[in-house]
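Below: the structure, in structure tokens.
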Amino acid sequence: MLNYLLLYAISDGDLAAIEQALKGGATMLQLRAKGLPDDELLALAARVKSITDAFDIPLIINDRADIALKIDAAGAHLGLSDGDLRAARDLLGPGKRLGATARTVEQALAAQAAGADYLGCGAVFGTRTKSDAVPMPLELFSEICHSVKIPVVAIGGIDRTNIAQLKGCGMAGFAVVSGIFGRENVEQAARELRGAAEVLCPT
């Protein structure tokens, strides 16, 4: 799990960009395609999985444990308002990964108790992809990392200019959206962040 979490790319489903991110060194991919009808999401997820499979990279489906099961993805990730973690854990079974969002120590401990395999915590630097994501003090982020036994990934506004500020916080990796897919050269962006992640989170 720890190696896969090192550079966790989050995409809306741009297939060409996903392939470039994986070429650049992304270690896991989350498909976050909100608002699609179920049939369209299922079809898109299957296409994305064909790419992640080619790179032997785990695919996580945002919000939808049922879709993850239908395409045999590696697992699902649930946000704070995206459903019941225990129900998702039961649905996925022990062979799939379940990620959860946490913004407080209490939420982190509750997610761990509900069966989450890893946590996404932030927004460590704020973000343009979620309007309600306010910056999380790095002291709080570090406290969350050290309060749970499951691995934690930092998320929120992470790019090549600020990733080093997270040194010593105790995370297992970095979840990145715009810092990879918002760059003109997606492959190069992923390569730069992968190199920084390997320095900051040696395995």
Between [X] and [Y], is there a donor-acceptor pair closer than 3.5 Å when you use the side chain of the first and the backbone of the second?
| X | Y | value |
| --- | --- | --- |
| R89 | G115 | yes |
| Q107 | T101 | no |
| N162 | D159 | yes |
| E143 | E139 | no |
| T27 | L7 | yes |
| R194 | G25 | yes |

Point to revise | Stepwise side-chain contact (heavy atoms from CB on, under 4.5 Å) test for E187 and E19 | key: CA-CA 8 Å; E187 183 176 349; E19 185 169 358; over 6 Å; no

Check your understanding: Which of these passes salt bridge (charged side-chain N to carboxylate O under 4.0 Å, His left out) with K96: D90, D72, D117?
Key ->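 Between K96 and the candidates, salt bridge (charged side-chain N to carboxylate O under 4.0 Å, His left out) is satisfied uniquely by D72.
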
Using a 4.5 Å cut-off on heavy atoms from C-beta on, say whether the side chain of [Y] contacts that of [X].
| X | Y | answer |
| --- | --- | --- |
| L5 | Y118 | yes |
| I18 | D14 | no |
| S11 | F181 | yes |
| Q165 | F125 | yes |

Exercise for review: Go through L59 and V48 one step at a time and tell me if the side-chain contact (heavy atoms from CB on, under 4.5 Å) criterion holds.
Suggested key: CA-CA 8 Å; L59 172 63; V48 172; 3.8 Å; yes

Do the side chains of [X] and [Y] get close enough for a salt bridge, i.e. N-O under 4.0 angstrom?
| X | Y | value |
| --- | --- | --- |
| D38 | K70 | no |
| D63 | K34 | yes |
| R64 | D66 | yes |

Out of curiosity, [X] [atom1] to [Y] [atom2], how far, rounded to the nearest 0.5 Å?
| X | Y | atom1 | atom2 | result |
| --- | --- | --- | --- | --- |
| I163 | I158 | CD1 | CD1 | 6.0 Å |
| L29 | I61 | CG | CD1 | 8.5 Å |
| T161 | E192 | OG1 | CD | 11.0 Å |
| F141 | M171 | CZ | CE | 6.0 Å |
| Q30 | T52 | CD | OG1 | 12.5 Å |
| L31 | I67 | CG | CD1 | 10.0 Å |

Exercise for review: Identify the two heavy atoms, one from C145 and one from C169, that lie closest to each other, and give their separation to 0.1 Å.
Suggested key: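 Here C145 and C169 meet closest at CB-O, 3.4 Å.
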
**Study point:** Shortest non-hydrogen separation from G79 to D82 and the atoms involved
**Key:**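 That closest heavy-atom pairing would be N-OD2, 2.9 Å.
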
Exercise for review: Check step by step if side-chain contact (heavy atoms from CB on, under 4.5 Å) holds for L6 and C201.
Suggested key: CA-CA 7 Å; L6 191 61; C201 302; 3.7 Å; yes

Review point. Checking side-chain contact (heavy atoms from CB on, under 4.5 Å) for the pair L200/F174: CA distance, chi angles, key distance, verdict?
Key: CA-CA 10 Å; L200 294 167; F174 308 91; 3.8 Å; yes

Exercise for review: Assess whether atom CG of D56 is packed by more than 12 heavy atoms of other residues, nucleotides or ligands within 6.0 Å.
Suggested key: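 At most 12 heavy atoms, drawn from other residues, nucleotides or ligands, come within 6.0 Å of this atom.
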
